[in-house]
Each structure stands twice: as C-alpha cells, then as structure tokens.
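FYI, side chains are in, hydrogens and waters are out, and symmetry mates aren't considered; it's all heavy atoms of this structure. Chain naming here is simple, since letters A, B, ... match the order of the sequence lines and numbering starts at 1 in each.
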Amino acid sequence: MANYWLLKSEPNVYSIADLQRDGSTCWEGVRNYSARNNMRRMTVGDLALFYHSNANPPCVAGVCRIKKEAYPDRYAWNEKSKYYDDKSPKDSPRWFMVDVEFLEAFDRLVSLEEIKSTRSFEDMVLVKQGRLSVQPVKKSEFDAIVRMGRRK
DNA sequence: GCCAACGTTGGC
DNA sequence: GCCAACGTTGGC
C-alpha cells in the first residue's frame, strides 16, 4: 500500500515547473535526520505533495511520485557542493536521496493559509511543526489537498 | 529583514 | 548527559 508524503522545495531553487520540464529528478540535499528517516521509509510508487516553501504564497503546487528508493546522497561527498558533509564517510553514508517523477501541477495552488484555516488539516505536520522538509501525510489529507488543487 | 521554533555542536 | 551557544528553516 502506498504511503503519502510532503516534500518541500524553494521554487527559486527547484519548482514544480522545473520538475515538469525535467520529468524526474533526484531529491538531494536533505540534511536533517528526521527528514532523512522519513525519506528512507519511502517506497517506489508512493505519492508526494510538492510544496513551495519560501514562496509567495507558500503552497502545495502539485504532485510527484517516488521513482527510486533511498540511496546515498553523493552530494555529501562533493566538496564543491553546498550539501558537502565531511562527516559522511563513503563506507557509511549519513545522507540519502530518492528519485521523484512529475505527476501533475495543480490548476490552483493550495496555500498554507488555506490549509491552516481548514479544520481537517489541523493535525498535519505542516501545520503543527512547520519546519520539517520531508514529512508524512495521511491519505485523507493527501486526497483532500489534491481535490482542492484540481478545483478551478 | 526579523525572529520563533527547532536542530546541532561541543565543552564540561 | 546537560545545556549554552550557535546555525537553519521558513513564515511573516
């Protein structure tokens, strides 16, 4: 059975339009342990809301699907990368990434404000905690947000 | 640009 | 293992 997730990206770094253009991408640069642990629980075919953080407005912008399960994030070993981490040994990788593929860009952005003001979303990690860049979402929450995004 | 809420680091 | 100092995220 598929799991559901929410992935945050700053649209000025990588947006849903970029993913639509590329078709798929690797999700590198997660450097937070609980986000990493969530990523390692992902399986191929899981669905994820694509969230635009540091955006105006912050919002869910579309949907993507997990294409490849967690594997070592090579950017942690690249000294030139801003994601470089000298505490991630090659024989015992600390950081992981997944591959995701584009599924849809919403007709209508579902803003954080709208999510926060909807009663049935009050238990979402996005609402309760906020700062986590890879977080689990309930199927009911996922389905409801996708419905909102498709409504013109 | 500010700052609240978290996370991480490192001395002890 | 505690906790102060520091760093980051991300909404506003």
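Between A:L6 atom CG and C:dT9 atom C1' there is a gap of 14 Å when expressed in whole angstrom units. Computed from coordinates, the A:R36 CZ to B:dG7 P distance equals 14 Å when rounded to whole Å. The CZ atom of A:R94 sits 11 Å away from the C1' atom of B:dT9 (whole-angstrom rounding). Rounding to whole angstrom units, CG of residue A:N56 and C1' of C:dG11 are separated by 11 Å. As a whole-Å value, the separation of A:E113 CD from C:dC12 P is 8 Å. In this structure, the CG atom of A:L112 is 10 Å from the C1' atom of C:dG10, given to the nearest Å. In this structure, CD1 of A:I115 is placed 12 Å from P of C:dC12, rounded to the nearest angstrom.
Alongside A:Y4, the hydrophobic cluster contains A:L6, A:L47, A:L49, A:Y51, A:V60, A:V63, A:L103, A:F106, A:V110, A:L112, A:I115, A:F121, A:M124, A:L126, A:V127, A:V137, A:F142, A:I145, A:V146, A:M148 (criterion: ILVMFWY side chains under 4.5 Å).
Remark: A:Y33 is not in phosphate contact with B:dC6, judged by side-chain N or O atoms under 4.0 Å from OP1 or OP2. OP1 or OP2 of C:dG10 lies within a sub-4.0 Å distance of a side-chain N or O belonging to A:K8.
Ring geometry, A:Y14 versus A:F50: the interplanar angle falls from 30° to 60°, so the pair is classed tilted.
A salt bridge does not link A:R36 to A:D73: none of the charged side-chain nitrogens sits closer than 4.0 Å to a carboxylate oxygen. The residues A:D143 and A:R147 are annotated as not salt-bridged, no charged nitrogen and carboxylate oxygen being separated by less than 4.0 angstrom. The pair A:E101-A:K68 does not meet the salt-bridge criterion, since no charged nitrogen lies less than 4.0 angstrom from a carboxylate oxygen.
Remark on the helix from B:dG1-C:dC12 to B:dC12-C:dG1: inter-end axis angle 10°, axes from five-pair C1' superpositions, rounded to 10°.
Contacts of A:Y33 classified as ring-ring contact (aromatic ring centres under 6.0 Å, His included), with partners at least two apart in sequence or in another chain: A:W95. By the side-chain hydrogen bond (donor to acceptor under 3.5 Å, both in side chains) test, A:R119 pairs with A:E122, sequence neighbours left out. Here A:N37 pairs with nothing under the side-chain hydrogen bond (donor to acceptor under 3.5 Å, both in side chains) rule; sequence neighbours left out.
DNA chain B is contacted by both A:S34 and A:N54; A:N54 maps to the nucleotide lying nearer its 5′ end (nearest heavy atom per residue).
Non-hydrogen atoms lying under 4.0 Å from DNA chain B are contributed by A:Q129, A:R131, all within residues 119-136 of chain A.
Residues A:Y71 and A:W27 keep their aromatic ring centres 6.0 Å or farther apart.
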